[in-house]
Amino acid sequence: MPEEATLVQPAASAQVQSPSEVDIAIVGAGPTGLFAAYYAGFRGLSTAVIDALPEPGGQVTAMYPEKIIYDVAGFPAIRGRELVANLVAQAGQYNPTYLLGIRAEKLSYASDGRPVLTLSDGTVLTCGAVIITGGLGSFTARPLPAAENFTGTGVMFFVKQPEELAGHDVVIVGGGDSAFDWALTLQPIAKSVTLVHRRDKFRAHAATVARVQELPVKIVVNAEVTRIIGEECVTGCEITVRGEEPIIVPANTIVAALGFTADLGPLADWGLRLERRHIVVDSTTATNLPRVFAAGDISEYPGKVRLIATGFGEAATAVNNAAVAINPSAHLFPGHSSDAG
């Protein structure tokens with residue numbers, strides 16, 4: 001497995017100064033969108049990458065950052081977060097603008113035929129083309145009911161930097177892959193790890209569950225976190241096991257790994273041709289709307305296979321065809337990247 005990579009965050013200035021025009025707007029900062037940002041830069045096109053999540057990486061960052069991925073070409077095995085870090089670094093050669101924690105709300109067209117995106121922060125972005133790489137749509141973390149009235153810090157839905165939780169008492173809520181992945185990651189560095197699940201059966205992969213069960217991780221089943229203790233920050237939580245009296249456990253951090261709900265959101269109102277919540281495209285990845293393309297898990301065509309590896313190829317196809325849509329005199333095939341070195 002390659003050496004562990006650290007996610008290089010996009011420059012803060014790139015996120016603050018929203019452009020008014022860009023060659024290609026990429027809606028979705030998952031692996032497909034990040035590779036599209038690289039490829040657009042390789043073609044000399046300016047890009048803005050828009051995502052409702054506050055971190056790049058899409059599903060990988062939100063749901064399985066610590067899981068090993070085995071089917072990415074050139075990597076016998078690579079962790080999800082390492083793959084995202086590499087993609088951010090690869091795209092970073094061409095300085096894409098990242099507009100994170102922001103949604104693409106409306107699509108319209110300028111008088112010259114260029115797409116115009118209105119974003120949730122009020123930005124109006126005129127684009128040469130739009131490439132939608134939103135995976136299954138925008139992700140919203142499923143809420144932790146006990147945290148609804150808690151205004152302090154210490155409750156998170158995914159862990160940005162595991163090292164920051166070194167020495168913490170950590171309570172993880174959930175029974176899926178994310179919950180068990182975080183337990184595996186945090187157990188060696190945290191003071192203690194407690195995993196709470198409302199059932200006695202888990203959705204996580206059986207092998208991962210078995211690995212966690214071999215570690216000094218306290219697993220509490222048929223239980224819920226019913227109260228968070230603390231004011232400015234978490235100091236503990238109340239866990240209620242079905243049919244028993246609540247218990248108080250120490251906690252500095254609560255990781256609510258309850259999953260995310262996916263929703264096409266405003267994209268559903270753009271007039272795109274949809275099929276079972278996916279965007280129908282042709283062999284060029286073009287949608288039914290002028291200068292709008294789609295690639296990755298969100299796109300649909302006969303024989304579609306939803307893999308990260310497939311998304312990378314679709315990203316290159318989308319960018320090359322978008323380049324021609326922007327400038328009809330441009331070549332569809334830009335040459336090999338090795339020729340540019």
Side-chain angles (χ1 to χ4, degrees), residues 18-30 32-33 36-37 39-40 45-53 58-59 96-97 99-140 260-304 306 310-311 313-328 330 332:
S18 300
S20 59
E21 294 192 10
V22 71
D23 291 325
I24 295 181
I26 299 168
V27 181
T32 298
Y39 209 92
L45 301 168
S46 61
T47 60
V49 183
I50 305 158
D51 201 293
L53 290 176
Q59 274 183 267
T97 297
L99 304 174
L100 302 176
I102 298 170
R103 297 209 317 180
E105 297 280 353
K106 297 179 181 178
L107 170 69
S108 57
Y109 285 88
S111 58
D112 61 1
R114 288 185 296 167
V116 178
L117 292 180
T118 301
L119 310 184
S120 58
D121 68 345
T123 297
V124 177
L125 187 62
T126 302
C127 326
V130 175
I131 301 177
I132 303 170
T133 58
L136 299 177
S138 61
F139 281 82
T140 303
F260 292 77
T261 57
D263 183 9
L264 285 179
L267 295 179
D269 299 323
W270 286 12
L272 292 157
R273 183 184 167 200
L274 302 176
E275 187 174 297
R276 295 189 301 277
R277 296 192 334 108
H278 296 108
I279 301 170
V280 176
V281 299
D282 62 18
S283 61
T284 70
T285 74
T287 72
N288 60 304
L289 300 180
R291 297 198 187 199
V292 178
F293 301 80
D297 285 355
I298 203 166
S299 69
E300 177 64 37
Y301 53 82
K304 171 77 178 190
R306 288 182 169 81
T310 307
E314 292 170 356
T317 299
V319 169
N320 285 322
N321 282 280
V324 175
I326 295 168
N327 178 11
L332 176 64

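All values reported here derive from a predicted model rather than from experimental measurement.
Nearest heavy-atom pair across Leu119 and Ala104 is CD2-CA, 3.8 Å.
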Working note: Leu264 + Leu274, criterion side chain to side chain contact (heavy atoms under 4.5 Å, CB included); need CA distance, chi angles, decisive distance, verdict. CA-CA 10 Å; Leu264 285 179; Leu274 302 176; 4.0 Å; yes

I'd like to know whether Val27 forms a side chain to side chain contact (heavy atoms under 4.5 Å, CB included) with Thr133, so could you lay out the CA-CA distance, the side-chain angles of the two residues, the decisive distance to 0.1 Å, and finally the verdict. CA-CA 6 Å; Val27 181; Thr133 58; 5.9 Å; no

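Salt bridge Lys304/Glu314: present, at least one basic N to carboxylate O contact under 4.0 Å.
A donor-acceptor pair is defined here as one N or O able to donate and one able to accept, closer than 3.5 Å; such a pair exists between the side chain of Tyr109 and the backbone of Pro290.
For the pair Val116 and Leu107, the minimum side-chain heavy-atom distance is 4.5 Å or more. Contact annotation: the side chain of Arg114 never approaches that of Cys127 to less than 4.5 Å [non-hydrogen atoms, C-beta and beyond]. Counting only heavy atoms from C-beta outward, the side chains of Leu332 and Asn321 approach each other to under 4.5 Å. Residues Asn288 and Ile279 fail the side-chain proximity criterion, which asks for heavy atoms closer than 4.5 Å. Taking the side chain as every heavy atom from C-beta outward, His278 and Arg306 approach each other to under 4.5 Å. Counting heavy atoms from C-beta on, the side chains of Leu272 and Leu289 come closer than 4.5 Å. Looking at heavy atoms from C-beta onward, Val130 lies in side-chain contact with Leu117 at the 4.5 angstrom threshold. Side-chain contact check for Ile102 versus Asp51: every heavy-atom pair is 4.5 Å or farther apart.
How far OG of Ser120 is from CG of Leu99: 9.5 Å, rounded to the nearest 0.5 Å. Rounding to the nearest 0.5 Å places CD of Glu105 at 9.5 Å from CG of Asp121. A distance of 10.0 Å separates CD in Gln59 from CG in Leu53, rounded to the nearest 0.5 Å. Note that OG1 of Thr310 is 8.5 Å distant from CG of Asp297, once rounded to the nearest 0.5 Å. In this structure, CZ in Arg273 is found 10.0 Å from CG in Asp282, a value given to the nearest 0.5 Å. In this structure, CH2 on Trp270 lies 9.5 Å from OG1 on Thr287, to the nearest 0.5 angstrom.
Partner of Thr47 under the side chain to side chain contact (heavy atoms under 4.5 Å, CB included) criterion, chosen from Ile131, Val319, Asp23, Ile24: Ile24.
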